[in-house]
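Data block below; observations after.
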Amino acid sequence: MTKIGLFYGTQTGYTETAAETIQTEFGGDTVVEIIDISKAAASDFDRENIIIGCPTWDVGELQADWDVFYEELDNLDFTGKKVAYFGLGDQVNYADSFQDAIGILEEKISERGGTTVGYWSTVGYEFNESRGVKDGKFVGLALDEDNQSDLTNKRIENWVTQLKQEFGV
């Protein structure tokens, strides 16, 4: 049985709902433990496969609970860990900072040895800039509940199928 830690922060509840949908989509023998980052301890990250969920808040900022935990990441070693990211944002009203939060977290965790998995195509999105894009792809699943909520469940389904292969579960 594979255990995956899914860490999320949320202001509006959308990221938590996405986390629960991801957990359900994994199903089978894969246990996805959902952990609210505001209640997380460093020891919770002691696992090989990790999923990080964070909405971009305000203009290109981390969600409040992730902002508080951000410095704690400097004390963690992600060497040998596969890390996938998903974020929520508004590509219309925040076109210059869409999905910045996952980019901020991915950069920090990669510096700490984490291996990013779950890259996601930018096709089908309309935005100007994003710290969440690396080499022409999002560093993780990009969700937009404000403008494309009808695509969320299918995007999650496809992303989890991809992650199962990349995590080897």
Side-chain angles (χ1 to χ4, degrees), residues 1-10 13-37 39-40 42-56 62-63 65-66 69 73 76-89 91 98-125 127 130-145 148-169:
M1 175 178 2
T2 302
K3 284 185 140 183
I4 298 169
L6 190 161
F7 300 84
Y8 78 94
T10 192
Y14 288 125
T15 307
E16 182 177 16
T17 299
E20 291 166 351
T21 303
I22 290 165
Q23 178 187 48
T24 300
E25 194 63 39
F26 265 95
D29 290 335
T30 304
V31 175
V32 178
E33 181 183 1
I34 296 178
I35 302 160
D36 183 332
I37 196 61
K39 298 174 180 148
S43 61
D44 291 326
F45 288 87
D46 290 340
R47 53 190 88 221
E48 291 179 24
N49 298 316
I50 296 171
I51 300 172
I52 303 286
C54 184
T56 299
L62 293 174
Q63 181 271 341
D65 297 321
W66 272 110
F69 196 84
L73 293 173
L76 299 175
D77 183 5
F78 287 91
T79 303
K81 299 176 188 299
K82 293 180 182 176
V83 186
Y85 302 85
F86 73 95
L88 282 85
Q91 64 191 302
F98 181 60
Q99 298 296 333
D100 277 3
I102 61 172
I104 293 166
L105 291 169
E106 190 273 343
E107 183 178 304
K108 171 71 81 178
I109 291 170
S110 291
E111 288 172 0
R112 306 290 309 139
T115 300
T116 302
V117 297
Y119 285 92
W120 189 253
S121 175
T122 58
V123 174
Y125 299 88
F127 63 98
S130 177
R131 287 181 68 181
V133 173
K134 187 190 256 185
D135 298 326
K137 289 189 171 192
F138 288 113
V139 297
L141 177 63
L143 300 173
D144 183 345
E145 285 298 297
Q148 296 180 329
S149 60
D150 57 319
L151 300 175
T152 296
N153 286 338
K154 188 65 175 168
R155 284 176 171 164
I156 289 173
E157 179 184 323
N158 291 337
W159 189 63
V160 168
T161 297
Q162 176 184 333
L163 285 185
K164 285 179 179 180
Q165 292 176 358
E166 293 183 40
F167 281 154
V169 298

Practice problem: Tell me, please, which residues at least two apart from D46 pass side-chain hydrogen bond (donor to acceptor under 3.5 Å, both in side chains). | Solution: none

Exercise. State which residues pass side-chain contact (heavy atoms from CB on, under 4.5 Å) with S130; sequence neighbours excluded, sorted by chain then number.
Key: Q99, D100, F127, V133, F138

Quiz prompt | Partners meeting side-chain contact (heavy atoms from CB on, under 4.5 Å) with K154 (sequence neighbours left out) | solution = E157, N158

Quiz prompt | Contacts of T152 that satisfy side-chain hydrogen bond (donor to acceptor under 3.5 Å, both in side chains) - sequence neighbours left out | solution = E145

Exercise. Applying salt bridge (charged side-chain N to carboxylate O under 4.0 Å, His left out), name anything that partners K134, two or more places apart in sequence or on another chain.
Key: E106

Quiz prompt | For S43, all residues meeting side-chain hydrogen bond (donor to acceptor under 3.5 Å, both in side chains), sequence neighbours excluded | solution = none

Quiz item: Quick one: side-chain hydrogen bond (donor to acceptor under 3.5 Å, both in side chains) partners of Y8, sequence neighbours excluded?
Solution: E16

Quiz item: What is the distance from atom CG of L143 to atom CG of N153, rounded to the nearest 0.5 Å?
Solution: 9.5 Å

Under 3.5 Å, which donor-acceptor pairs do the side chains of residues 21-28 form with other protein atoms, sequence neighbours left out?
unit_1, atom_1, unit_2, atom_2, d
T21, OG1, T17, O, 3.0
Q23, NE2, V32, O, 2.7
T24, OG1, E20, O, 3.0

Quiz item: Which residues pass the side-chain contact (heavy atoms from CB on, under 4.5 Å) test with L73, sequence neighbours left out?
Solution: F69, Y70, L76, F78, L105, K108, I109

Quiz item: What residues form a side-chain contact (heavy atoms from CB on, under 4.5 Å) with L151, not counting sequence neighbours?
Solution: Q148, R155

For residues 81-88, run the donor-acceptor check on the side chains, cut-off 3.5 Å, and write out each pair with its distance to 0.1 Å, sequence neighbours left out.
unit_1, atom_1, unit_2, atom_2, d
K81, NZ, F45, O, 3.2
K81, NZ, R47, O, 3.1
K82, NZ, E166, O, 2.8

